[in-house]
Structure formats: structure tokens, C-alpha cells
Amino acid sequence: MITPADRLNLVQEYYFSRKLKEVARLNAEGKDIISLAIGSPDMPPSPGTIDVLCREARRDDAHGYQPTVGIPQLREAMAGFYRRWYGVELDLLRRYSP
């Protein structure tokens, strides 16, 4: 028999599951809720929005990975994590360039 790890007791219900229950309750109370939740919207984008999306997608420079350097506070927090857990120092100034 496999015993689940104690940390599984800390797992909570998925945030969006709770929100969907709340929306269902409000709808049942007769409130008109406009859902901006994850998933597919119930109305298509405007023709102008689709035109801009198509134009931008055709640009040669619109494809590829975005820079992932991150903000200094995030890099410092990540370096601190690696320092504490793995005993390594990271060079926060070095930048990757393809």
C-alpha cells in the first residue's frame, strides 16, 4: 500500500473551480454575470481586432522566443533559491544571446 505524502493535505481546491461555483450560485440567484474566465469567450473578436492580429502575425519579426531575462528581483530570488538548495552561485549579469 502506498501512503500519500503529508504535503498532499495542503492541496486546496483549484481557484477557478471555486470561482465557477460562485458564478453558478450568483446565476441561480438571478444575477446576470458576465464571465471573463478562462476558456473560449461567447462572442467573437471584432473584425478590426482580427485584422490587426492577422497583420501582426504576418510580420517577419513577430515570431520567436521573447527575452526571458526577467526583472532583477525575480533573478535575485531565483539565485537565492539555488544558493540555499543547491549551494551554487548564479551569475545574474550574464545574458543569454542566441
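Counting begins at 1 with the first residue of the sequence. Values below: all heavy atoms of this structure, side chains included; hydrogens, waters and symmetry mates excluded.
- Between the His63 side chain and the Ala57 main chain, a donor and an acceptor come within less than 3.5 Å of each other.
- Grouped by direct or indirect side-chain proximity (heavy atoms under 4.5 Å, Ile/Leu/Val/Met/Phe/Trp/Tyr only), Val23 sits with Leu26, Ile33.
- Taking the salt bridge (charged side-chain N to carboxylate O under 4.0 Å, His left out) definition, one finds that Asp61 meets it with Arg59, sequence neighbours left out.
- Annotation: side-chain contact (heavy atoms from CB on, under 4.5 Å) contacts of Ser17 (sequence neighbours excluded): Glu13, Tyr14, Lys21.
- Glu29 is linked by a salt bridge (charged side-chain N to carboxylate O under 4.0 Å, His left out) to Arg25, Lys31, counting only residues two or more places apart in sequence or in another chain.
- In this view, Glu22 and Lys19 satisfy the side chain to side chain donor-acceptor pair (under 3.5 Å) rule, not counting sequence neighbours.
- The distance from atom CG of Leu8 to atom OG1 of Thr3, rounded to the nearest 0.5 Å, is 11.5 Å.
- The CZ atom of Arg75 sits 11.0 Å away from atom CG of Leu90, with the distance rounded to the nearest 0.5 Å.
- With sequence neighbours left out, the side-chain contact (heavy atoms from CB on, under 4.5 Å) criterion links Ala24 to no other residue.
- Counting side-chain heavy-atom gaps under 4.5 Å among Ile, Leu, Val, Met, Phe, Trp and Tyr, the cluster of Leu74 also holds Ile71, Met78.
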Quiz: residues 44-55 side-chain donor-acceptor pairs under 3.5 angstrom, not counting sequence neighbours:
from	atom 1	to	atom 2	distance (Å)
Ser46	OG	Thr49	N	3.1
Ser46	OG	Thr49	OG1	2.8

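- Heavy-atom minimum distance, Glu56 versus Ala62: O-CB, 3.3 Å.
- Atom CG of Asp6 has 12 or fewer neighbouring heavy atoms from other residues, nucleotides or ligands inside a 6.0 Å radius.
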